[in-house]
Asker: 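Following this message is one structure expressed as structure tokens.
Atoms considered below: every heavy atom in the structure, side chains included; atoms not considered: hydrogens, waters and symmetry mates.
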Amino acid sequence: MGKSKVLVVGGTGYVGRRIVKASLEQGHQTYVLQRPDLGLDIDKLQMLLSFKKQGAHLVEASFSDHQSLVDAVKLVDVVICTMSGVHFRSHNLLLQLQLVEAIKVAGNVKDGLTGDRQYI
């Protein structure tokens, strides 16, 4: 089986950073979604730069800009979302639905077993 192009959403979180590391170690072309609203969170910025040094591609996209999400999804074969469903500042579940819509519009992410489009 060939290597995939993988987009990790939530790559700086507890689970996400481990998924990014594993994807890179397995030799997959790994993309990490970088949200512009990251602000001055130095720890996350340093982690993203560390991923880049390890060979990951940083893709800037915003949940408030649907087209930027679609463009990010079009770069890959696989989307892995490691964002929690509920966050203390916002309801990330609603953001994840926006990601699902972007996957539908992009139309290129398929189920690995059946070859059918896979949305969730």
Side-chain angles (χ1 to χ4, degrees):
M1 188 169 168
K3 299 297 180 184
S4 297
K5 293 185 280 182
V6 178
L7 173 65
V8 181
V9 180
T12 59
Y14 182 79
V15 173
R17 69 184 84 169
R18 288 157 175 80
I19 297 290
V20 171
K21 181 181 178 205
S23 179
L24 288 167
E25 286 175 353
Q26 299 256 329
H28 298 291
Q29 193 171 355
T30 305
Y31 296 77
V32 181
L33 190 80
Q34 178 180 356
R35 297 189 296 189
D37 57 347
L38 188 64
L40 296 175
D41 190 327
I42 300 301
D43 292 334
K44 288 185 179 186
L45 287 171
Q46 287 177 334
M47 192 177 311
L48 288 169
L49 290 175
S50 171
F51 292 155
K52 188 173 180 176
K53 285 181 184 175
Q54 296 171 51
H57 305 275
L58 303 182
V59 179
E60 190 168 309
S62 173
F63 284 93
S64 62
D65 179 0
H66 178 73
Q67 189 59 49
S68 70
L69 287 177
V70 171
D71 292 343
V73 170
K74 284 183 177 181
L75 296 171
V76 300
D77 309 308
V78 177
V79 176
I80 301 173
C81 182
T82 63
M83 293 172 55
S84 66
V86 178
H87 191 270
F88 65 92
R89 285 183 274 169
S90 64
H91 294 284
N92 286 343
L93 191 56
L94 297 176
L95 296 179
Q96 291 178 38
L97 292 175
Q98 291 177 25
L99 180 60
V100 170
E101 288 302 315
I103 291 168
K104 287 179 183 180
V105 171
N108 60 313
V109 175
K110 310 282 189 228
D111 182 304
L113 298 175
T114 66
D116 294 333
R117 289 188 182 155
Q118 187 68 27
Y119 303 125
I120 296 180

Asker: Between Ser4 and Val6 (side chain of the first, backbone of the second, donor and acceptor by atom type, cut-off under 3.5 Å), is there such a pair?
Answerer: no

Asker: Could you grab the distance from atom OG1 of Thr82 to atom CZ of Arg17, nearest 0.5 Å is fine?
Answerer: 10.0 Å

Asker: Pairs in or reaching into residues 40-78: which pass ring pair (Phe, Tyr, Trp, His ring centres under 6.0 Å), with residues at least two apart or in two chains?
Answerer: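 Those involving residues 40-78 are Tyr31-His57.
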
Asker: Can you tell me how far the NZ atom of Lys44 sits from the CD atom of Gln34, to the nearest 0.5 Å?
Answerer: 11.5 Å

Asker: Please round to the nearest 0.5 Å and tell me the distance separating atom CG of Asp41 and atom CE of Met47.
Answerer: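 Here the rounded value is 8.5 Å.
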
Asker: Contact between Val76 and Val78 at the side-chain level, heavy atoms closer than 4.5 Å - yes or no?
Answerer: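 Heavy-atom side-chain distance check fails, nothing below 4.5 Å.
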
Asker: If you define the side chain from C-beta out and look only at heavy atoms, does anything of Val73 sit under 4.5 Å from Leu99?
Answerer: yes

Asker: Drop me the distance from Thr30's OG1 to Glu25's CD, to the nearest 0.5 angstrom.
Answerer: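 Rounded to the nearest 0.5 Å, the OG1-CD separation comes to 10.0 Å.
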
Asker: Treating Ser23 as the side-chain partner and Gln29 as the backbone partner, does any N or O pair qualify as donor plus acceptor under 3.5 Å?
Answerer: no

Asker: Can you tell me which residue among Ile42, Leu49, Leu48 is in a side chain to side chain contact (heavy atoms under 4.5 Å, CB included) with Gln46?
Answerer: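 Checked Ile42, Leu49, Leu48 against Gln46; only one passes side chain to side chain contact (heavy atoms under 4.5 Å, CB included): Ile42.
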
Asker: Would you check if the side chain of Gln96 reaches a backbone N or O of Met83 as a donor-acceptor pair within less than 3.5 Å?
Answerer: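 Such a contact is found between Gln96 side chain and Met83 backbone.
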
Asker: Which heavy atom of Ala56 sits nearest to which heavy atom of Val32, and what is that distance?
Answerer: CB-CG2, 4.2 Å

Asker: Going by the rule salt bridge (charged side-chain N to carboxylate O under 4.0 Å, His left out), which residues pair with Glu101 if we only count those two or more places apart in sequence or in a different chain?
Answerer: Lys104

Asker: Drop me the distance from Leu33's CG to Leu69's CG, to the nearest 0.5 angstrom.
Answerer: 6.5 Å

Asker: For the NE2 atom of His28 and the CG atom of Leu7, what is their distance to the nearest 0.5 Å?
Answerer: 14.0 Å

Asker: Please report the shortest heavy-atom distance between Val8 and Gly11, naming the atom on each side.
Answerer: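 In this case the closest contact between Val8 and Gly11 is CG1-CA, 3.8 Å.
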
Asker: So which heavy atom on Gly55 is nearest to which on Leu24, and how close?
Answerer: C-CD2, 4.0 Å

Asker: Does Ser62 use its side chain to pair, donor to acceptor, with the backbone of Pro36 at less than 3.5 Å?
Answerer: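 Judged by distance alone, no pair lies under 3.5 Å.
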
Asker: Provide the closest heavy-atom pair for Ala106 versus Lys74 in the form atom of the first, atom of the second, distance.
Answerer: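 Closest pair (atom of Ala106, atom of Lys74, distance): CB-CG, 3.8 Å.
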
Asker: Name all residues meeting the side chain to side chain contact (heavy atoms under 4.5 Å, CB included) criterion together with Asp71; count only those two or more places apart in sequence or in a different chain, and write none if there are none.
Answerer: Gln67

